Amino acid sequence: MTSELPNDLDVSVDPELAARLESIGQDYHSLLQEMLTRLWPSDAAAAVYSDMQRSLLDGIEALAQRPGALQSTQQQWFQDQLRLWQQAVGDLSGEPGEPVVEPDARDRRFRDDAWQRDPYYRHVLQQYLLFSRYVDQLLAAADDLPESRRQSLGFYARQIVSALAPSNFIATNPEVMRLTQETRGQNLADGLSRLRDDLANSAEGINVAMTDREAFEVGGNIAVTPGEVIYENELIQLIQYAPTTEQVFKTPLLVIPPWINKYYILDLRQDNSLMKWLVDQGHTVFLISWRNPGPEQRDLTWADYMQSGPIAAMGAIEQACGEKSVNLLSYCVGGTLAATTLAYLTSTRRGRKVRSVTYMATLQDFSDPGEIGVFINEPVLAGIERQLEADGYLDGRVMAFSFNLLRENDLFWSFYVNNYLKGETPAAFDLLYWNTDGTNLPAATHGWYLRHMYLDNRLVEPGGIELDGVRIDLRKIATPSYFVSARDDHIAKWTSTYYGTRYPKGPVTFVLGGSGHIAGIVNPPSKNKYGYWTNDQLPPTPQEWFEGATQNEGSWWPHWQAWMVDNKFADPERMVAARQPGDGELTPIEPAPGRYVKQSIPEVLAEQGVDD
């Protein structure tokens, strides 16, 4: 750890600091060894690593079939190395030349001045950038591989390249080196403590702390829109929010959030809460808060989520306010559930229970799920299924780790450097608090979802999915649908969600928001950010749709409200007196946000007797 350091930190003249760094280095080594053992304890992890090995071997074999392309890339590499050596000679002689290669201006890892002015760091950075470019060229040359294998190879190669960035290591990060000298290694000691804590709170690998978790309390300063839990079963609590208007639309609104995360992304703060905004528009809002399951819920199926979720909620809403029909507003996998539920109700002649349905960032056609599809192939899925069978659930922290790797530099390595190398305390940020407050997934539901939706794409097949003895067909749905997606979404690619518009036989509207999976959806009008695109036509491809679309400023929320009102799904001519929770047949159980959303993964596992 203390050898071959740049001039920023000459520990040879400070034996006390050298001894401290040596001790910290030994502790780091011990903890990193512990972290590495966590990367291979399960069938699921082993399957992923085997897939990575297969992908890399496939890439090598593909390159072997392209000797000309490989030779050309190698020649370019040798030429770049010669130029870099010449530059290094110039730097040492006091005559630095132009950089051989420069980082992307948007790359925040290399913004420190030392990367450009210090010969040591300048050389290290350019060597890394050339290596990164070389890998990209090799990937481009391996163009004979099937698209799915090319995508896997590119993903795994990117993970390796990102992990090897000089900014991730003490001796090759100028900011870390300066801090170590200024604090006499206290930054590393603090980082060591944080690394130890994060390892203790991780399931596999390491879930790096992204925010100050002590700064937030669910129901205290987030998820605070007033309401009551008016119904609950083994799987859900149903929240009815308190009205803020004297009159409300007659048809209530049922919100179906994803169960992969907790619902309060839709109710973080009062200034960006979709729930509060909906209430303020005159909707009687009901929201499903999903249980955080453990191994005792291992046998819960997709049909159970449908029956105990939206269908049970509709029955409770009828008891609460006497209305037999609802409008549905769904998000992510909650939207996929909404589509299957609506198809099921349609096939059982109950489709009129839903007057309109809104799908926010929702996949129905999984033919191109995006980069997350890297983890969904037969060998990997078989490993995941073996692990689900053994444990009875998928630990939500493992899911979070996997999702973070889709944006590894922003959602993993930046926090790794700040927390463990710089020793900084993560800032208090409610969105990142939510991102680390995960939920488990029941074995039966999750395995079925991955295989039937992601791997086999059976939802779009007529009769491809059977729920409680009923074969469903999206093409039979006559309910008016509103699809909204996000242009930069890496979880549910908008170019994939768009294809969901092809299936319902009822009227369909598609809107594209700016930004990503979260900010593109949770985009309050008061911020006037990101904008959105509209197009009254639905051409065959998303590219054609976008070419004919009109860009609008601000949030898509008012557009959705206008769609609801203009089509009288929320009818301004049929308003009723505001409904308070408890006015109907259901007695409030407890104040919102309720118990279910407050249960953390460690609490759930401890309650069900699982060693965390």
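Note that the structure is a prediction, hence the values are computed from the model and not measured.
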For Asp51 and Arg149: C-alpha separation, side-chain torsions, deciding distance, then whether salt bridge (charged side-chain N to carboxylate O under 4.0 Å, His left out) applies.
CA-CA 10 Å; Asp51 185 63; Arg149 185 50 68 188; 3.3 Å; yes

Using 30° and 60° as the class boundaries, would you call the ring planes of [X] and [Y] parallel, tilted or perpendicular?
{"X": "Trp494", "Y": "Phe510", "result": "tilted"}
{"X": "Phe412", "Y": "Phe401", "result": "perpendicular"}
{"X": "Tyr359", "Y": "Phe483", "result": "tilted"}
{"X": "Tyr416", "Y": "Trp413", "result": "perpendicular"}

Donor-acceptor pair, side chain of [X] and main chain of [Y], under 3.5 angstrom:
{"X": "Thr501", "Y": "Tyr498", "result": "yes"}
{"X": "Asp198", "Y": "Val208", "result": "no"}
{"X": "Thr439", "Y": "Trp259", "result": "yes"}

Might you confirm whether atom [atom1] of [X] has over 12 heavy atoms from other residues, nucleotides or ligands at distances under 6.0 Å?
{"X": "Gln537", "atom1": "CD", "value": "no"}
{"X": "Gln543", "atom1": "CD", "value": "yes"}
{"X": "Gln53", "atom1": "CD", "value": "no"}
{"X": "Gln75", "atom1": "CD", "value": "yes"}

Of all heavy-atom pairs between Leu125 and Gln116, which one has the smallest distance, and what is that distance?
CD2-NE2, 4.1 Å

Kindly give the heavy-atom pair with the smallest separation between Val380 and Asn377, and that separation in Å.
N-OD1, 3.0 Å

Identify every side-chain donor-acceptor pair in residues 130-145 under 3.5 Å, counting partners at least two apart or on other chains, and give the distances.
unit_1, atom_1, unit_2, atom_2, d
Arg133, NH2, Asp80, OD2, 2.9
Asp143, OD1, Arg66, NH1, 2.5
Asp143, OD2, Arg66, NH1, 3.3

Could you please spell out the steps behind the salt bridge (charged side-chain N to carboxylate O under 4.0 Å, His left out) verdict for Asp197 and Arg194?
CA-CA 5 Å; Asp197 290 343; Arg194 292 193 173 89; over 6 Å; no

Hydrogens and angles aside, do Ser414 and Arg108 bring a side-chain donor and acceptor to less than 3.5 Å of each other?
no

Between the side chains of Gln127 and Gln81, is a donor N or O closer than 3.5 angstrom to an acceptor N or O?
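Yes, a side-chain donor-acceptor pair sits under 3.5 Å.
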
Gap between atom CZ of Phe366 and atom CG of Asp456 - 0.5 Å precision
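Answer rounded to 0.5 Å: 12.0 Å.
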
Ring centres of Tyr331 and His517 under 6.0 Å apart?
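Centroid separation for Tyr331 and His517: below 6.0 Å.
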
Output yes when Arg122 and Glu102 qualify as a salt bridge under the 4.0 Å nitrogen-oxygen rule, no when they do not.
no

Run the side chain to side chain contact (heavy atoms under 4.5 Å, CB included) test on Val374 and Leu406 for me, step by step, so that the C-alpha distance in whole Å, both residues' side-chain angles and the decisive distance to 0.1 Å come before the verdict.
CA-CA 10 Å; Val374 168; Leu406 300 180; over 6 Å; no

Test: salt bridge (charged side-chain N to carboxylate O under 4.0 Å, His left out). Region: residues 360-369. Which pairs qualify, not counting sequence neighbours?
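Checked against salt bridge (charged side-chain N to carboxylate O under 4.0 Å, His left out) - neighbours excluded - the pairs reaching residues 360-369 are Asp365-Arg502, Asp368-Lys493.
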
Partner of Phe415 by side-chain contact (heavy atoms from CB on, under 4.5 Å), out of Asp410, Asn207, Leu432:
Leu432

